[in-house]
Amino acid sequence: MTFKELNLHEDVLQGLDAMGFEKPTPIQEQSIPIVIDDHDLIGVAQTGTGKTAAFLLPILHKIASQKTEPGFINTLIISPTRELAVQIDQQLQGLAYFTGATSIPVYGGGDGDDFSQQKKALTEGADIIVGTPGKLMSHLNLGYAKIDKLQHLILDEADRMLDMGFYDDIMKIISQLPKERQTLLFSATMPPKIRKLAKDILVDPSEINIAISKPAEKVVQAAFLVYDAQKVELVKYLLRYNDIPSLVIFASTKLKVKELTRALQAEKLNAKQISSDLEQSDRESILNEFKSRKLTILVATDVISRGIDIDNIDMVVNYDVPNDAEDYIHRIGRTARASSEGEAITFINTDDQGRFQRIEQLIEKEIRKVPLPASIGEGPEYDPKKYRGGGGRKFGGKGNYKKRR
Ligand code: ADP
Ligand code: MG
C-alpha cells in the first residue's frame, strides 16, 4: 500500500515526500480511510507506530480538499504533555507545509508573552490547534477561542492523559465544543477507563487495534533480583564496567529519580533527571541534550516512558518493574531501533517478582536472571509465587538486606 493509493490530496503527498515517509504504517493505512469518511475512531497501537500521522494526514487531506472557514478553528488536538505536543507540532509543520493549513501550538512554560500570542491566535482562528489540557482550559475559560465551527477533535495518547489526571479538564473542554463533530481517540493501551471515556465522547466509533508486537529480538533482555537497598550500587556497578553512551533509567517515583540522580552525579557521572516537577522548558532542554547525546544518562519517571520519541538508546534500565506489562514493552522498544542492538535490564525486588512474571507471560519469554556481582552482596531468591506482590505485605527491602549481612 502506498500513500497515493490512500487517495491523499496532492499537497499532503508532497509533504510526505518532504518528510521522507515512503509508505504508511499499519495504523496509518487503516485509520486514513476511516477518518476521511468522517467516522469517529478509536486507534490503539503501541508507541512508535506512527499514530501522529495516522490522524494528521487525513485531517490535512480534508483541510486541503474542502475550504475551511477563515477565522475559525477547524481541528483541536489535545496531547498530555508539552513534549508530546511539540512532537505533534513538528510533524504537522512538515506534513502541512504544502497545504497552506495554519496551526497554533497552545502549550508553554506560561510566560505572559506566549499567552497573549496564543490568545490572539485563538481569537483570530487557525485550522489546527495543538495543545495541552491545562493550557487549553485556561484559554477556553476566557471565552474568546473561535471553536463554534470546530469539525475535528483528537485526543492523542489518551491513556497517558488519564494517567496524569486530565479526565475532568478534558470533559470540561469537550463540553464547550460543538456536538456535531468528528472525534478521534488514539492511545497506546486500552484500559477500562479509556473505554469509558470513548463511550462518553465518541459516536459509533470504528475501532482499530494493532496487536502489541513482541520486543524486537535484537533487544538483549536481562534481569537482576535485588533488594531495594542494593539498587543504587548496582546501577553504579553497571556504569563502571560498561561503556554505555546513551542510557535511560526509569524509576517509579519522583523521589527515587531524585535520589538516584544525585548518587550518580556524586560519582561524576553525566546524569540528569527529568520529572514532572521540572519546568517545561528545563524538561525540553534536558531531553534535547539527551537526544543529541551530550547527556549520557537520563533518569526519568514513568511520565516520559510512553510517547516520547528518542531513538538509539543503547540501554534501558527499569529501576523498578513497570506497573503495566505493556509499559515494559514500550520502554524496551526505545532501544534497538533501526539496525542497532539494545539492552534492557530490569531490577526486580521481592515485591515485584509476581508482576515481572506477568510481563514474561505477556511477551511469552522467560527473561534471564543474572546473578548479582559479588560486590553488591546476595540478592533475594526467585519465587514469584511466594512474592506475588501487591498484597500489602512488604518483603525484602532494606531491613532484610541488612539482616543477611
Ligand atoms: P506514536 O505516536 O505511535 O508513538 P509517532 O507518530 O510519534 O508514533 O511516530 C514515531 C516515529 O515514526 C516518528 O519519528 C515519525 O516521524 C516516524 N514515522 C511515522 N510514520 C512514518 C512513516 N509512514 N514512514 C516513516 N517514518 C514514519
Ligand atoms: Mg504519539
Side-chain angles (χ1 to χ4, degrees), residues 1-6 8 12-33 35 41-61 77-97 105 107 128 130-133 154-164 166 184-190 194 208-213 215-216 248 287-288 290-292 302-313 324 326-327 329-340:
M1 175 75 75
T2 62
F3 284 114
K4 207 174 162 75
E5 286 169 305
L6 289 165
L8 289 169
V12 179
L13 292 174
Q14 273 193 51
L16 279 163
D17 205 39
M19 292 283 280
F21 290 9
E22 282 167 10
K23 59 185 190 35
T25 66
I27 185 91
Q28 291 163 4
E29 189 175 317
Q30 293 183 42
S31 301
I32 290 169
V35 180
L41 171 69
I42 302 173
V44 182
Q46 72 189 93
T47 301
T49 51
K51 294 191 288 299
T52 314
F55 59 79
L56 287 181
L57 290 169
I59 294 292
L60 287 169
H61 165 87
I77 303 170
I78 312 180
S79 165
T81 63
R82 177 188 165 127
E83 288 92 339
L84 289 165
V86 169
Q87 286 180 20
I88 295 171
D89 201 47
Q90 282 167 350
Q91 283 198 47
L92 180 59
Q93 303 272 331
L95 295 173
Y97 188 81
Y107 40 77
I128 302 174
V130 185
T132 49
I154 298 145
L155 302 178
D156 192 26
E157 311 285 350
D159 49 356
R160 189 52 60 194
M161 284 207 274
L162 295 196
D163 285 351
M164 293 176 73
F166 286 135
L184 315 176
L185 181 153
F186 284 86
S187 188
T189 59
M190 198 66 197
I194 298 284
I208 301 170
N209 209 319
I210 309 279
I212 194 150
S213 58
V248 183
L287 219 56
N288 282 335
F290 185 73
K291 283 187 191 175
S292 64
D302 298 345
V303 177
I304 74 146
S305 80
R306 276 190 202 174
I308 289 287
D309 186 34
I310 314 172
D311 281 329
N312 302 321
I313 302 168
D324 181 347
E326 289 182 8
D327 272 339
I329 299 176
H330 293 305
R331 288 185 193 180
I332 75 167
R334 303 264 151 254
T335 72
R337 290 237 171 144
S339 60
S340 64

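For reference, positions follow the sequence shown, starting with 1. Atoms within each ligand, like the ligands themselves, are counted from 1 in listed order.
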Practice task
Could you walk me through whether Phe3 and Phe21 pass ring pair (Phe, Tyr, Trp, His ring centres under 6.0 Å), step by step?
Solution key: CA-CA 9 Å; Phe3 284 114; Phe21 290 9; 7.0 Å; no
Fill in the blank from the handout: Quick note on ligand 1: atoms under 4.0 Å from a heavy atom of Lys23 include exactly 22 (C), 23 (N), 24 (N)
Problem - Under 4.0 Å to a heavy atom of Thr52 - the qualifying atoms of ligand 1, by number - result: 2 (O), 5 (P), 6 (O), 7 (O)
Completion exercise
CD of Glu29 to CD1 of Ile208, rounded to nearest 0.5 Å, is 10.0 Å
Handout entry: Any Gln91 heavy atom less than 4.0 Å from ligand 1
Key = yes
Problem - Residues in side-chain hydrogen bond (donor to acceptor under 3.5 Å, both in side chains) contact with Glu22, at least two apart in sequence or another chain - result: none
Exercise for the section: Could you list the residues that satisfy side-chain contact (heavy atoms from CB on, under 4.5 Å) with Thr49, not counting sequence neighbours? Expected result: Ile27, Ala45, Gln46, Lys51
Practice task
For ligand 1, find out whether one of its N or O atoms is nearer than 3.5 Å to an N or O atom of Lys51.
Solution key: yes
Completion exercise
Going by the 4.0 angstrom heavy-atom rule, the piece of Phe3 near ligand 1 is side chain
Practice task
Provide the number and element of each atom of ligand 1 under 4.0 Å from a heavy atom of Gln46.
Solution key: 3 (O)
Practice task
For Glu157, take its heavy atoms, then give the atoms of ligand 1 lying under 4.0 Å from any of them.
Solution key: 2 (O)
Problem - Interatomic distance, Leu184 atom CG to Ile154 atom CD1 [nearest 0.5 angstrom] - result: 5.0 Å
Problem - CZ on Phe55 to CG on Leu185, rounded to 0.5 Å - result: 11.0 Å
Problem - the Mg ion (ligand 2) to Glu157: nearest N/O/S atom name - result: OE2
Exercise for the section: State whether the shortest distance between N or O atoms of Gln28 and N or O atoms of ligand 1 falls below 3.5 angstrom. Expected result: yes
Fill in the blank from the handout: When rounded to the nearest 0.5 Å, the distance separating CZ of Arg160 from CG of Leu155 is 15.5 Å
